[in-house]
Amino acid sequence: MLFELPVLPGRPPSAPAAGSAPKRTYWKAFEDLAQTPDAGGRLSHEFAAGEIANDPVLGFSTVTRRSFLTAMGASFALAVVGCQRPEEKIVPYVQQPENVVDGLPNYYATVMTLGRRAYGVLVKSREGRPIKVDGNPDHPLTLGGSNVWLQASVLNLYDPERLGRARIKDKVVSAAAFDKQVVAALQSAGRSGKAIRILMPAHPSPTLRKLTDQFTARVPNAKVVTYEPLDSGAESGVHRAAFGGEYQLSPRFDRAEVILSVESDFLMTEADDLRSVRQFGDARRLRKSSDRMSRLYVAEGASTLTGLNADHRIRVRPSQQPMFLRAVLSALDGAAGSGAFAAEADAIARDMGARPSLVVVGRHLPAVVHALALQINAKIGAYGNTIEAHPLVGANDGLPGLAALATEMNAGQVGAIILAGGNPVYAAPGGLRFAEALAKVPTRIRLAEHDD
């Protein structure tokens, strides 16, 4: 930076020529300003050249400012060239596929299953490559919404660890050779009199159910066992005892004005019914002055996204949740409150008695919590109003069925097993020692996307 040189004591300014503007002098350093004896020497050596004797890398013997910048520029250019991707040639279509226009995406309506639910989705595809999965606005379960499972499913298509070829004992074989050996192994197991089992996750697909029925009808001593780790055995057991069958209870948040959530993160980790999330958001949005916003009570031990959106959040330990729900049930019956949660239970009961309400609880909670929630919902008239019940499609043998299969395998009664999807070695409870039982089956056939 240059500064105008002021008039110093003992240094009169130069007299300007007649009729000309006054001449200004500038300084670069404080030494120049003070006119110290070594100021001139420092200025003359500011960009002095250093001596380097025949440097083989730089290619010259004297390093000047120009030669240094030249060497640095060449190094940067070499680094850029070395980091470039290899050249790839883009080959155009020889025969343009039908309904494919370069640069314009196509959208396909399909269904993605997760557990015993089927989500209607729209898949965005470019030149035959799916790149985005979103909810189908016309599907009643998604209404255009999406969750983390749907969004991440497209990454599965481009996973380099996907199994691309059939294998027999880690040896890649053709599909025909694989089918031939599988048929021979199943016939051998049938002749030996041992059982043939198909273990697969619970699913809502009628086509897959028809295929398994045909398989068990033609193959002797064959049976299908379903195990879905995402389903709660406690919840299913309570519903089966109360309704005489397995039902999926869908809360109608658009009809409920008072909601009590007990350890149920229905906005994040348990957001299976995307319609419920959309309905909850709509019920909390006021469009005109006459609208009433729903009120959310959350009783939980750990912080969740649902708890962060609550109007009233009550800290309840998992061991205290049955006590808390019993207090709410007693308050609804008009009994005088007592205990640790008496005040909260009375306030919730008064609110529920005045407006349409519902209670939702976490799937992972024990059967006693689900049973108490069922009693409260029945007392406040939630079923058929703020809760809809739909029969669950597809059987789920659950943990009892998986345990029975492990017992058969340990006893040597299973000659062949087909693992059709899922990862039971990982998902089964550790007490079953499922991997050890599986190793006792002579023929193990795995149908999967990854070598897990």
Side-chain angles (χ1 to χ4, degrees), residues 113-116 149 156 159 161-205 208-209 211-234 236-237 364 394-452:
T113 60
L114 184 63
R116 285 193 282 179
W149 309 109
N156 218 17
D159 189 351
E161 300 298 325
R162 282 174 63 100
L163 293 175
R165 300 288 298 276
R167 299 180 183 180
I168 297 178
K169 294 183 178 180
D170 294 333
K171 181 182 178 181
V172 177
V173 297
S174 64
F178 179 83
D179 293 342
K180 182 178 179 181
Q181 187 157 342
V182 165
V183 171
L186 293 178
Q187 291 175 344
S188 176
R191 287 191 296 267
S192 66
K194 292 187 176 182
I196 298 175
R197 296 291 181 258
I198 301 176
L199 177 60
M200 60 194 311
H203 60 86
S205 171
L208 187 56
R209 185 167 62 253
L211 290 173
T212 54
D213 291 342
Q214 293 177 354
F215 181 88
T216 54
R218 296 184 59 180
V219 179
N221 205 15
K223 179 182 176 182
V224 178
V225 180
T226 56
Y227 174 67
E228 179 53 58
L230 295 179
D231 278 3
S232 171
S236 301
H364 60 285
N396 180 27
D397 298 319
L399 187 57
L402 189 67
L405 176 61
T407 302
E408 288 182 328
M409 294 190 296
N410 283 319
Q413 300 174 359
V414 180
I417 184 171
I418 301 175
L419 304 172
N423 189 356
V425 174
Y426 173 79
L432 289 183
R433 299 184 179 274
F434 193 82
E436 299 178 7
L438 187 63
K440 299 178 182 179
V441 180
T443 301
R444 300 179 296 274
I445 304 167
R446 174 84 168 122
L447 306 178
E449 297 176 347
H450 296 81
D451 188 14
D452 49 33

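Both backbone and side-chain heavy atoms feed into the values below; hydrogens, waters and symmetry mates do not.
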Can you give the donor-acceptor pairs under 3.5 Å from side chains of residues 423-443 to other protein atoms, not counting sequence neighbours?
{"residue": "Arg433", "atom": "NH1", "partner": "Glu436", "partner atom": "OE2", "Å": "3.4"}
{"residue": "Lys440", "atom": "NZ", "partner": "Asn410", "partner atom": "OD1", "Å": "3.3"}

For Asp159, the side-chain hydrogen bond (donor to acceptor under 3.5 Å, both in side chains) test, sequence neighbours excluded, returns His450
Between Ile196 and Asn221, is a side-chain contact (heavy atoms from CB on, under 4.5 Å) present by the stated rule, with each step listed? CA-CA 6 Å; Ile196 298 175; Asn221 205 15; 5.7 Å; no
Distance col, row His203:NE2 vs Thr226:OG1, nearest 0.5 angstrom, shows 7.5 Å
Thr407 meets the side chain to side chain contact (heavy atoms under 4.5 Å, CB included) criterion, sequence neighbours left out, with none
The complete set of salt bridge (charged side-chain N to carboxylate O under 4.0 Å, His left out) pairs with one or both residues in residues 181-199, sequence neighbours excluded, reads Arg197-Glu408
Applying side-chain hydrogen bond (donor to acceptor under 3.5 Å, both in side chains) to Glu449 and not counting sequence neighbours gives Asn156
Practice task
Ignoring hydrogens and angles, tell me if any N or O in the side chain of Asp397 forms a donor-acceptor pair with the backbone of Tyr227 under 3.5 Å.
Solution key: no
Hits for salt bridge (charged side-chain N to carboxylate O under 4.0 Å, His left out) against Arg444, two or more places apart or cross-chain, chain-then-number order -> none
Across all chains, not counting sequence neighbours, the side chain to side chain contact (heavy atoms under 4.5 Å, CB included) partners of Ala184 are none
Here the salt bridge (charged side-chain N to carboxylate O under 4.0 Å, His left out) pairs for residues 176-186, sequence neighbours left out, are none
On a heavy-atom basis, the closest approach of Ala420 and Ile198 is CB-CG2, 4.4 Å
Distance col, row Ile418:CD1 vs Phe215:CZ, nearest 0.5 angstrom, shows 4.0 Å
| message | With side-chain contact (heavy atoms from CB on, under 4.5 Å) as the criterion, how do Val173 and Gln181 come out once you've worked through the C-alpha distance, each side chain's angles and the decisive distance to 0.1 Å? | response | CA-CA 11 Å; Val173 297; Gln181 187 157 342; over 6 Å; no
Contacts satisfying side-chain hydrogen bond (donor to acceptor under 3.5 Å, both in side chains) that involve residues 165-177 (not counting sequence neighbours) are none
For Gly422 and Arg446 the tightest heavy-atom approach is O-NH2, 2.8 Å
Smallest heavy-atom separation, Gly401 atom then Val225 atom, equals O-CG1, 3.8 Å
Applied to residues 213-223, the salt bridge (charged side-chain N to carboxylate O under 4.0 Å, His left out) test, sequence neighbours excluded, yields none
So CZ of Arg209 and CD of Gln214: to nearest 0.5 Å the spacing works out to 12.5 Å
